[in-house]
Amino acid sequence: MSQINIQYHKTKIGELILGTFDEKLCILDFRYRKMRPTVDNRIKRGLKADFVEQNDETNDEAKRQVDEYLNEGRKKFDIPLLMVGTNFQKDVWNGLMKVPYGSTSTYLKLAKSINNEKAVRAVASANGANSIGLIVPCHRIIGSNGELVGYGGGLPVKKRLLRLE
């Protein structure tokens, strides 16, 4: 069986789990989020691989770039990504990556941007299933009324990230 190299990384927004497969980042997520088992199982099944705690260059580079981002020294990430999910989820995640640094959007705008205006709930669900946080910026999605809504790292972290940007 193949392996996903994982590492844990303590940051000022909480402890993260990073995972790489074939030198591409497939996980950058909060270690203790409620959906952790669901997300991990989807990735393991999708890649037919198991987690092995092991350093590698891609994880090290991701940690460095995350630290730069959190210290306001980086606005764009430059790491090869491997998105593991359905085609619809990948469409949503690619749509998220078009929301610029320092901006916010809504689930409805995101649904419209992927030409699926009626799928607002499914877009919200795919947003919540994102396993590559910060780089695939699900924290930039807010409710249509301007309120902060769900975030794997918790709403206080979401608020901090939006203020940081």
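Heavy-atom basis, side chains included; hydrogens, waters and symmetry copies ignored. Please read these numbers as outputs of a predicted model, since none were measured by experiment.
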Between N59 and H9, is any side-chain donor less than 3.5 angstrom from a side-chain acceptor? no
What distance separates L70 CG from L164 CG, expressed to the nearest 0.5 Å? 6.5 Å
Restricting to non-hydrogen atoms, name the atom on V84 and the atom on G46 that form the minimum distance, rounded to 0.1 Å. CG1-CA, 4.0 Å
State which residues pass side-chain hydrogen bond (donor to acceptor under 3.5 Å, both in side chains) with K12; sequence neighbours excluded, sorted by chain then number. N71
So for atom NZ, which belongs to K90, do other residues, nucleotides or ligands contribute more than 12 heavy atoms lying within a distance under 6.0 Å? yes
Checking Q65 side chain against D78 main chain: does a donor-acceptor pair fall under 3.5 Å? yes
Between side-chain atoms of residues 126-149 and protein atoms elsewhere (two or more places apart, or another chain), which donor-acceptor pairs fall under 3.5 Å?
unit_1	atom_1	unit_2	atom_2	d
N130	OD1	I132	N	2.9
N130	ND2	V136	O	2.8
S131	OG	C26	O	3.0
H139	NE2	Y69	OH	3.4
H139	NE2	E165	OE2	2.9
R140	NE	E165	OE1	2.8
R140	NE	E165	OE2	3.3
R140	NH1	V99	O	2.6
R140	NH2	E165	OE1	3.4
R140	NH2	E165	OE2	3.0
N145	OD1	E147	N	2.9

Hey, does N94 have a side-chain heavy atom less than 4.5 Å from the side chain of M83? yes
State the CD1-CD1 distance between I17 and I27, to the nearest 0.5 angstrom. 5.0 Å
Fellow cluster residues of V52, listed by chain then number, with links counted only when side-chain atoms sit under 4.5 Å apart: none
Value rounded to 0.5 Å, distance of CD1 in I4 from CD1 in I43: 6.5 Å
For the hydrophobic clusters of this structure (ILVMFWY residues joined by side-chain heavy atoms under 4.5 Å, transitively), does one cluster hold both F51 and L82? yes
Co-membership, hydrophobic cluster, residues F77 and L161, 4.5 Å side-chain: yes
Tell me, do K159 and L162 make a side-chain contact under 4.5 Å, heavy atoms counted? no
Summary of side-chain hydrogen bond (donor to acceptor under 3.5 Å, both in side chains) pairs that have at least one residue in residues 38-58, sequence neighbours excluded: Q3-Q54, N5-D56, Q7-N55, T20-D56, R36-D40
side-chain hydrogen bond (donor to acceptor under 3.5 Å, both in side chains) pairs, two or more places apart, involving residues 105-126: none
Nearest heavy-atom contact between A111 and A119 is CB-C, 4.5 Å
Should F88 and L110 be counted in the same cluster of Ile, Leu, Val, Met, Phe, Trp and Tyr side chains packed under 4.5 Å apart? yes
Enumerate the ring-ring contact (aromatic ring centres under 6.0 Å, His included) contacts for residues 10-37, please, sequence neighbours excluded, ordered by first and then second residue. F30-Y151
Point-to-point distance, once rounded to the nearest 0.5 Å, from NZ of K63 to CD1 of I79: 11.5 Å
Evaluate the side-chain contact (heavy atoms from CB on, under 4.5 Å) criterion for residues D29 and V39: first the C-alpha distance (whole Å), next the side-chain angles of each, then the deciding distance (0.1 Å), finally the verdict. CA-CA 9 Å; D29 205 355; V39 171; 4.1 Å; yes
Would a hydrophobic clustering, with Ile, Leu, Val, Met, Phe, Trp and Tyr connected at side-chain separations under 4.5 Å, put V92 with L81? yes
Between NZ on residue K75 and CD on residue E68, distance to nearest 0.5 Å: 13.5 Å
Roughly how far, to the nearest 0.5 Å, is CD of E61 from CD of E23? 13.0 Å
Under a single-linkage definition using a 4.5 Å side-chain heavy-atom cutoff for Ile, Leu, Val, Met, Phe, Trp and Tyr, are Y8 and L25 assigned to the same hydrophobic cluster? no
Please report the shortest heavy-atom distance between G150 and L155, naming the atom on each side. N-CD2, 3.9 Å
